[in-house]
Amino acid sequence: QQQVRQSPQSLTVWEGETAILNCSYENSAFDYFPWYQQFPGEGPALLISILSVSNKKEDGRFTIFFNKREKKLSLHIADSQPGDSATYFCAASQGGNTGANTGKLTFGHGTILRVHP
Amino acid sequence: EAGVTQSPRYAVLQEGQAVSFWCDPISGHDTLYWYQQPRDQGPQLLVYFRDEAVIDNSQLPSDRFSAVRPKGTNSTLKIQSAKQGDTATYLCASSFQGANTGQLYFGEGSKLTVL
């Protein structure tokens, strides 16, 4: 049972465009949603995260839009750069809003992003 | 500050052989996680510890996999009698529960190939 789903599986954009990566989840108890970035041969690294009490989170060129009612979120990467080419994982966990986040993350399968110069 | 360190980076085994992976978390991090990442998939939690105690090992195939963190610092994940289906990258991550950020810091992983 895939509790966190991501689409598309892969995405190619031109440098300067906005890349949009989608994520949906099933478990209503999830309240913390981080996005991790992974380069080949490396471990995932936290890029940006959001709690379910918010509907938007921005950090530079990266923005998360969150829709609790539909159990969907998306990561927008503005002004995409070739260095953004990587695999992006949407993840989810419980306890973020209550101060009891276990860090026990459920990951999606990932979206492979390629940015062409 | 040193990151999460894992060794070995690569291992190639025949079916039935055993292997151990070692992890040194970030200093001061009380929580340590082992994730399995099959090729072209997201990481899947196997087990996690708070200090030396196992908090959740429900996804650890207990008949062949074992994990310990005896002093609440370094950890070892062992696979006995490996199968081809165990081929994956094994990621160790650590965090500090008191920070309550939920952020995990991952190592580079140990890539296992079972022939």
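Here is the naming used below: chain letters follow the sequence lines, and residue numbers restart at 1 for every chain.
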Where on [X] is there a heavy atom nearer than 4.5 Å to chain A: the side chain, the backbone, both, or neither?
{"X": "B:Gln6", "answer": "neither"}
{"X": "B:Leu104", "answer": "both"}
{"X": "B:Asp56", "answer": "side chain"}

Worksheet item: Using a cut-off of under 4.5 Å for heavy-atom pairs, which of A:Cys90, A:Gly110, A:Pro44 has the most such pairs with chain B?
Response: A:Pro44
Worksheet item: Between A:Gln38, A:Glu42, A:Gln6, which has the largest tally of heavy atom pairs under 4.5 Å with chain B?
Response: A:Gln38
Does any donor atom in the side chain of [X] or [Y] lie under 3.5 Å from an acceptor atom in the other side chain?
{"X": "B:Asp86", "Y": "B:Gln84", "answer": "no"}
{"X": "B:Thr31", "Y": "B:Arg50", "answer": "yes"}
{"X": "B:Ser27", "Y": "B:His29", "answer": "no"}

Side-chain donor/acceptor pairs under 3.5 Å, residues 106-115 of chain B, sequence neighbours excluded:
| residue | atom | partner | partner atom | Å |
| --- | --- | --- | --- | --- |
| B:Glu108 | OE1 | B:Arg9 | NH1 | 3.1 |
| B:Ser110 | OG | B:Pro8 | O | 2.6 |

Fill in: Residues, nucleotides or ligands: over 12 heavy atoms within 6.0 Å of B:Gln44 CD
yes
